[in-house]
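To keep things clear, I will list the structure first and then write my remarks on it.
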Amino acid sequence: MPADEFDLLFELGFAPNGRFASLEALEPILAAAALEFSIVVLFSGPAVSLLQGPESRRWRQLVDFDLAELVVSEWLDDGPDQLRLRLINASEAEQLRKNARTILIL
């Protein structure tokens, strides 16, 4: 994803409880991707756990089909290699927010 402006930044800062709650977090991102928006998804805090273990398969489709760029505020013990994640610091996260046309906090 280029450093310049993009359409949507989805910020996930919590880990939904239960399988269906996790799917509900993914649905608006997939809907936006279907409309061909340029998308970045920022995972921070407890939301990073969504990218670990079997849960990560749901999110992998976003990078497998180039639907969104996934960025994290901290590395995972399990997952970054297969998900092509980009680690960012606080100033880079702020730059993402400035470059997004719209920010959706989930």
Side-chain angles (χ1 to χ4, degrees):
M1 181 77 51
D4 48 341
E5 195 170 272
F6 57 94
D7 295 318
L8 295 169
L9 172 64
F10 286 90
E11 284 199 54
L12 284 88
F14 74 100
N17 290 331
R19 178 176 177 240
F20 294 110
S22 174
L23 290 172
E24 287 176 2
L26 180 59
E27 285 176 356
I29 300 166
L30 290 172
L35 296 171
E36 298 186 1
F37 287 114
S38 54
I39 300 168
V40 175
V41 184
L42 170 60
F43 294 85
S44 61
V48 174
S49 68
L50 294 172
L51 302 173
Q52 295 176 304
E55 191 76 26
S56 68
R57 289 189 311 236
R58 294 186 183 116
W59 299 94
R60 186 178 177 141
Q61 63 188 312
L62 295 173
V63 293
D64 285 350
F65 297 104
D66 292 322
L67 301 175
E69 179 182 6
L70 304 182
V71 296
V72 294
S73 62
E74 58 192 77
W75 274 132
L76 310 169
D77 294 333
D78 165 17
D81 292 334
Q82 64 266 39
L83 288 174
R84 295 190 321 242
L85 302 173
R86 181 167 59 105
L87 176 66
I88 62 170
N89 60 35
S91 65
E92 291 169 315
E94 187 58 34
Q95 190 61 47
L96 275 179
R97 292 180 188 101
K98 288 178 183 177
N99 291 346
R101 291 188 180 125
T102 304
I103 301 171
L104 298 163
I105 301 172
L106 303 176

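Numbering starts at 1 and runs along the sequence shown. Atoms considered below: every heavy atom in the structure, side chains included; atoms not considered: hydrogens, waters and symmetry mates.
Between Glu94 atom CD and Leu96 atom CG the span is 9.5 Å, to the nearest 0.5 Å. Taken from CG in Leu51 to CZ in Arg58, the straight-line distance is 12.0 Å, to the nearest 0.5 Å. The distance from the OG atom of Ser38 to the CG atom of Leu8 is 7.0 Å, given to the nearest 0.5 Å. Taking CD1 of Ile88 as the reference point, atom CZ of Phe43 lies at 11.5 Å (rounded to 0.5 Å).
A donor-acceptor pair is defined here as one N or O able to donate and one able to accept, closer than 3.5 Å; such a pair exists between the side chain of Glu92 and the backbone of Asn89. Between the Ser44 side chain and the Gly13 main chain, no donor and acceptor come within less than 3.5 Å of each other.
What you find for Asp7 and Glu36 is that their closest heavy atoms are OD2-O, 4.5 Å. The heavy-atom pair separating Pro28 from Leu106 by the smallest distance is CG-CD1, 4.2 Å. Here the closest non-hydrogen pair linking Leu67 and Gln61 is CD1-O, 3.9 Å. The minimum heavy-atom distance between Trp59 and Leu70, with the atom names listed, is O-CD1, 4.0 Å.
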Step by step, work out the side-chain contact (heavy atoms from CB on, under 4.5 Å) result for Leu30 and Leu62. CA-CA 8 Å; Leu30 290 172; Leu62 295 173; 3.7 Å; yes
Leu12 and Ile29: side-chain contact (heavy atoms from CB on, under 4.5 Å), yes or no, with the steps? CA-CA 11 Å; Leu12 284 88; Ile29 300 166; 4.3 Å; yes
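Evaluated for a side chain to side chain contact (heavy atoms under 4.5 Å, CB included) with Leu9, the options Leu104, Ile103, Ile105 yield exactly one hit, Ile103. A side chain to side chain contact (heavy atoms under 4.5 Å, CB included) with Glu11 is found for exactly one of Val41, Leu42, Val40, namely Leu42.
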